[in-house]
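I have placed the structure first, in the form of structure tokens, so that the comments after it can refer back to it.
Just follow the structure's listing: the first ligand is 1, and inside any ligand the first atom is 1.
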Amino acid sequence: MEANMPKRKEPSKSLRIKVISMGNAEVGKSCIIKRYCEKRFVSKYLATIGIDYGVTKVQVRDREIKVNIFDMAGHPFFYEVRNEFYKDTQGVILVYDVGQKESFDALDGWLAEMKQELGPHGNMDSVVFVVCANKIDCAKHRCVDESEGRLWAESKGFLYFETSAQTGEGINEMFQAFYVSIVDLCENGGKRPTPNSSGFTKEQADTIRRIRNSKDSWDMLGVKPGASREEVNKAYRKLAVLLHPDKCVAPGSEDAFKAVVNARTALLKSIK
Ligand code: GTP
Ligand code: MG
């Protein structure tokens, strides 16, 4: 008799997670959270004092997730308050303002602060990071383009989303992907995909960054000013193999490759 009984579906265990927000002051951390949880936007800047705390429930597949959100203040003044809150975190929302280069350059510093607070036994690899390139509605003031942000995020194995807390663009998609990744990580024994699972190497990512920051065509090809045609061609071939769009899927590789082609043409013209 028992064998014919319909099997009762096991209720999936609920999960409790902790997520934190990180990034410079005024980049829009609180507004992103508010947009998602309260579906509204506040245009007046109300700096977070130390930490704001909230709880929300979300559904991922058949699991109910209870999310504890710790929204951190970005101002350096609040370091002593927020440093208590890095521990036991499953997910980090790392935010910068696409119109403010310093806030993008500061991301490495935020990771360093977290690493330091977690101490030698803390494990950043068991945390899901999502990078929000925020305020994309302010297109006129944008100075960090998508490929630059995406390259930084994906070369570290982080998720990347373009967001606007003002219009709501990208916000639900970002949170959905973020929570799914956290649940995957929890079900996977706490391991997130390794960096560069996105299909490009560190050398490719570093080369694209170097090309973006080069000061002239010599610098771009990595040769000394006054180098010979042979040296220029040799350097060009090496970069072409590394960055050719057929071979390289790193964000920004196509533009970097074009820039290298143009630099080589300009240099060959100038070399007698
Ligand atoms: P701290 O709490 O000081 O660390 O700042 P925060 O990162 O939490 O910034 P907050 O969310 O308070 O937003 C700062 C300012 O940016 C506010 O004036 C917001 O209205 C504005 N802002 C936030 N997100 C966006 C956005 O997507 N677009 C535009 N145009 N403005 C935004
Ligand atoms: Mg805030």
Side-chain angles (χ1 to χ4, degrees), residues 17-56 58 67-87 89-118 127-150 152-153 158-179:
I17 61 170
K18 174 185 169 185
V19 307
I20 60 175
S21 67
M22 269 161 51
N24 279 9
E26 236 177 296
V27 293
K29 300 178 294 297
S30 302
C31 285
I32 287 174
I33 293 166
K34 206 166 271 154
R35 164 60 75 187
Y36 180 71
C37 296
E38 298 172 24
K39 313 270 174 272
R40 66 192 182 101
F41 176 71
V42 182
S43 59
K44 187 162 178 266
Y45 175 40
L46 299 162
T48 302
I49 308 299
I51 290 273
D52 272 345
Y53 170 71
V55 187
T56 180
V58 292
V67 188
N68 294 286
I69 305 184
F70 293 82
D71 176 25
M72 291 198 179
H75 198 282
F77 179 77
F78 294 110
Y79 166 71
E80 294 294 342
V81 182
R82 65 173 182 258
N83 66 5
E84 305 282 326
F85 292 88
Y86 283 113
K87 291 197 177 74
T89 295
Q90 281 78 44
V92 174
I93 305 168
L94 197 51
V95 185
Y96 69 93
D97 173 350
V98 295
Q100 238 209 353
K101 183 76 164 52
E102 304 130 67
S103 69
F104 175 65
D105 293 338
L107 296 180
D108 283 308
W110 282 100
L111 293 181
E113 181 173 306
M114 180 172 184
K115 198 162 187 224
Q116 182 190 311
E117 295 312 319
L118 291 184
V127 178
V128 172
F129 287 85
V130 62
V131 176
C132 296
N134 194 40
K135 306 200 188 182
I136 55 165
D137 54 285
C138 302
K140 263 199 273 170
H141 300 113
R142 185 161 189 164
C143 59
V144 185
D145 69 23
E146 180 175 350
S147 60
E148 193 172 5
R150 197 177 273 287
W152 185 89
F158 298 172
L159 300 166
Y160 172 89
F161 281 85
E162 300 249 302
T163 58
S164 166
Q166 190 195 65
T167 66
E169 196 177 339
I171 302 287
N172 286 343
E173 294 85 337
M174 180 276 287
F175 273 101
Q176 187 59 27
F178 182 50
Y179 291 139

Where do [X] and [Y] come nearest, in terms of heavy atoms and distance?
X	Y	result
C132	M174	SG-CE, 3.6 Å
C143	Q100	SG-N, 3.9 Å
I33	S21	CD1-CB, 4.1 Å
V42	R40	CG2-NH1, 3.8 Å

For [atom], what's the nearest protein heavy atom and its distance?
atom	answer
atom 3 (O) of ligand 1	Y45 OH, 2.5 Å
atom 18 (O) of ligand 1	S43 O, 2.9 Å
atom 7 (O) of ligand 1	K29 NZ, 2.8 Å
atom 22 (N) of ligand 1	K135 CE, 3.6 Å

Q. At a 4.0 Å cut-off, with the gap strictly under it, does some heavy atom of N24 reach an atom of ligand 1?
A. yes

(Q) Within rounding of 10°, what is the angle whose vertex is the Mg ion (ligand 2) and whose arms end at OG1 of T48 and OG of S30? (A) 90°

Would you say ligand 1 has an N or O under 3.5 Å from any N or O of [X]?
X	result
V42	yes
T163	no
D71	no
H75	no
V27	yes
A47	no
F41	no

Which of the ligand 1 atoms, numbered from 1, are nearer than 4.0 Å to a heavy atom of [X]:
X	value
N134	24 (N), 25 (C), 27 (O)
D137	26 (C), 27 (O), 28 (N), 29 (C), 30 (N)
A73	4 (O)

Q: Indicate yes or no: does E146 engage R150 in a salt bridge with an N to O separation below 4.0 Å.
A: yes

Q. Does some side-chain heavy atom of H141 sit less than 4.5 Å from a side-chain heavy atom of D97?
A. no

Q: Test the K18-F70 pair against the cation-pi criterion, namely NZ or CZ under 6.0 angstrom from the six-membered ring centroid and within 45° of the ring axis.
A: yes

(Q) Checking side chain to side chain donor-acceptor pair (under 3.5 Å) between Y86 and each of E113, E117, K115, which is the one that passes? (A) E113

Q. Does a donor on one side chain sit under 3.5 Å from an acceptor on the other, for Y53 and N68?
A. yes

**Q.** Proximity winner for atom 23 (C) of ligand 1, if only heavy atoms of A25, C138, G28 are counted
**A.** G28

